[in-house]
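Quick notes on the structure that follows.
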Amino acid sequence: RLLLLERQRWDRGALRPAAPPKQQPDQATTSRFVELEQSRADIEQAVGATAPVFTPSEGVAEWFIRVTGKYDGDDPDIMRARHNPSVIELDRLSENNLVELVRMVAREFNGCELACGDRSILETLNRVDRVGRPLYAYFLGQAMSADNPSPEWTRHEDLLDSVLNKNHAKRWRAVFTDDLPALGDDHLAMRLGVSATIARGLDCKDQRIREFAGPVSAGTRRQALVLTDGPLGSGARGPGTFIPPLEPDLLGEWFVLSALGEGLPLDEILEFSWAYRPIATSAFLQRLAQDFPDHPVTFDVLQYLPADEAAQVVYRSNASQVIPFLSKAEVTYPSNLFLALKSAAQAGDGRSMASLATCYYEGSGGVEKNLSEALNWYRRGTVIGNAAAINGLGIMYYFGYEVNED
């Protein structure tokens, strides 16, 4: 039995065009919809749980494609072995749950109850994070156990800043003593901590680390470990040589954005990270685009084109996975990212063809709306069997865009 927990829903992720129907569905379509809804109701009654509602217009998440090996998830071996319903969406916590989580964390950190009322806690939570993510309730509990949060907090970034400030004042100061860096200072430990967070960890024994940072002493390793909240160790050989990423992901991403935004050399950090672990760096960029799409440093990070040839291949293939998050946030696409998307499409990558077609369909990514080009790329993607391209081509025929309505 394998249980996979994933932040992203299985049916969210692919970039697909959407348009309102021009007319009511015919009788055959209506009847088929009723049949599907009845089938779903039968499944729910049989297994005693809510079956997933299939919404193909929203696309399919990358992790689901990787797990099933198919865009539709209809592999017969998987269908025979799966537990129905095989995709269970965890419900969001209620407001009462979130308030109790804040209080519980505050009790854990200072051993006493918060004096403020539930309404005050909930108002602060709603100011910093309207989505109701438990991680921010956890961070708020930490902050309120020390002092009251600032009334100027209006974004979740303010709460993440408070976590970094607390780490700077306590954990970092305890290890750095007289050599305490601020975020953005070009300190060797800061370079290692930021690079480790982007590349999902680094091993100081690796020759590439020495070429990037020079010899790394036990003291510097200890400093880098405290920046990423890694195990410091106390043996005769000093701390371990592996520097882990700062987690959870949201805090690690904010740590990187803050350090690069305050002046840590972005080009050097990214060039090393791309060359050292291109796949992990690619995944970091995807999370960054998902969680902080409108941050100016996110734009700079996505715009950076690595010099390493192997990394460039990954950068191009990554474009089709990053651009949907930028499209959803309605932010400007970095020009290098769009050129990478076009290059990958021209090289025959189906997902890139579909994403490029959608850019032309919507007039996004720095290109003018061009339905003729959209049709061209949807057709090319359809030829090689890309599901998003097939869906897009169907929409072009349905509405009669550049083709006879059919």
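Computed over heavy atoms, backbone and side chain alike; hydrogens, waters and symmetry mates excluded.
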State, with a plain yes or no, whether a side-chain heavy atom of [X] is found less than 4.5 Å away from one of [Y].
{"X": "Leu180", "Y": "Val175", "result": "no"}
{"X": "Tyr138", "Y": "Met104", "result": "no"}
{"X": "Tyr378", "Y": "Met396", "result": "yes"}
{"X": "Asp406", "Y": "Tyr398", "result": "no"}
{"X": "Phe325", "Y": "Val331", "result": "no"}
{"X": "Phe242", "Y": "Leu225", "result": "no"}
{"X": "Leu246", "Y": "Leu227", "result": "no"}
{"X": "Pro306", "Y": "Leu270", "result": "no"}

Apply the test side chain to side chain contact (heavy atoms under 4.5 Å, CB included) to residues Arg210 and Cys204: give CA-CA distance (whole Å), side-chain angles for both, the deciding distance (0.1 Å), then the verdict.
CA-CA 7 Å; Arg210 297 182 182 182; Cys204 293; over 6 Å; no
Give the ring-plane orientation class for [X] versus [Y], where under 30° counts as parallel, over 60° as perpendicular and anything between as tilted.
{"X": "His156", "Y": "Phe292", "answer": "tilted"}
{"X": "Phe139", "Y": "Tyr136", "answer": "perpendicular"}
{"X": "His168", "Y": "Trp172", "answer": "perpendicular"}

Measuring from atom [atom1] of [X] to atom [atom2] of [Y], what distance do you get when rounded to the nearest 0.5 angstrom?
{"X": "Met144", "Y": "Thr124", "atom1": "CE", "atom2": "OG1", "value": "5.5 Å"}
{"X": "Met353", "Y": "Thr382", "atom1": "CE", "atom2": "OG1", "value": "10.0 Å"}
{"X": "Leu375", "Y": "Leu393", "atom1": "CG", "atom2": "CG", "value": "6.5 Å"}
{"X": "Asp118", "Y": "Glu123", "atom1": "CG", "atom2": "CD", "value": "11.0 Å"}
{"X": "Arg316", "Y": "Leu337", "atom1": "CZ", "atom2": "CG", "value": "12.5 Å"}
{"X": "Glu262", "Y": "Leu183", "atom1": "CD", "atom2": "CG", "value": "7.0 Å"}

Sorted by chain and number, sequence neighbours left out, salt bridge (charged side-chain N to carboxylate O under 4.0 Å, His left out) with Glu113 holds for Arg107
With distance as the sole test, does [X] use its side chain to make a donor-acceptor pair with the main-chain N or O of [Y] at under 3.5 Å?
{"X": "Ser343", "Y": "Ala340", "value": "no"}
{"X": "Ser317", "Y": "Val314", "value": "yes"}
{"X": "Ser120", "Y": "Cys116", "value": "no"}
{"X": "Thr228", "Y": "Pro244", "value": "yes"}
{"X": "Asp185", "Y": "Ala182", "value": "yes"}
{"X": "Ser195", "Y": "Ile269", "value": "no"}
{"X": "Gln142", "Y": "Val163", "value": "no"}
{"X": "Asp308", "Y": "Ala275", "value": "no"}

Considering the options Leu339, Leu302, Leu326, Val322, which one meets the side chain to side chain contact (heavy atoms under 4.5 Å, CB included) requirement together with Tyr333?
Leu326
Identify the two heavy atoms, one from [X] and one from [Y], that lie closest to each other, and give their separation to 0.1 Å.
{"X": "Arg379", "Y": "Val403", "value": "NH2-CG1, 3.7 Å"}
{"X": "Leu98", "Y": "Pro134", "value": "CD2-CA, 4.1 Å"}
{"X": "Ser145", "Y": "Phe109", "value": "OG-CB, 3.4 Å"}
{"X": "Ala137", "Y": "Leu125", "value": "CA-CD2, 3.8 Å"}
{"X": "Leu164", "Y": "Ser258", "value": "CD1-OG, 4.2 Å"}
{"X": "Glu247", "Y": "Arg200", "value": "OE2-NH2, 2.9 Å"}

Is there a donor in the side chain of [X] and an acceptor in the side chain of [Y], or the other way round, less than 3.5 Å apart?
{"X": "Asn97", "Y": "Ser94", "value": "yes"}
{"X": "Ser217", "Y": "Thr220", "value": "yes"}
{"X": "Trp254", "Y": "Asp291", "value": "no"}
{"X": "Tyr304", "Y": "Glu271", "value": "yes"}
{"X": "Tyr360", "Y": "Ser372", "value": "no"}

Check for me whether the distance between the ring centres of His187 and Phe176 falls short of 6.0 Å.
yes
Are [X] and [Y] close enough for a salt bridge, meaning some N to O gap below 4.0 Å?
{"X": "Arg119", "Y": "Glu95", "result": "no"}
{"X": "Arg208", "Y": "Asp206", "result": "yes"}
{"X": "Arg155", "Y": "Asp129", "result": "no"}

Kindly determine whether Arg221 and Thr241 satisfy side chain to side chain contact (heavy atoms under 4.5 Å, CB included), including the steps that lead there.
CA-CA 7 Å; Arg221 296 201 308 271; Thr241 60; 4.1 Å; yes
More than 12 heavy atoms from other groups under 6.0 Å of CD on Gln207
yes
Should we say atom CD of Glu108 is surrounded by more than 12 heavy atoms from elsewhere, each under 6.0 Å from it?
no
Taking it one step at a time, do Phe212 and Arg191 satisfy side chain to side chain contact (heavy atoms under 4.5 Å, CB included)?
CA-CA 10 Å; Phe212 167 65; Arg191 283 185 173 228; 4.0 Å; yes
Please step through salt bridge (Lys or Arg N to Asp or Glu O under 4.0 Å) for the pair Glu253 and Arg287, ending with a clear verdict.
CA-CA 8 Å; Glu253 292 157 23; Arg287 294 194 303 273; 3.7 Å; yes
Which is it for Leu260 and Asp300 under the side chain to side chain contact (heavy atoms under 4.5 Å, CB included) test, yes or no, and what are the steps along the way?
CA-CA 10 Å; Leu260 296 179; Asp300 294 338; over 6 Å; no
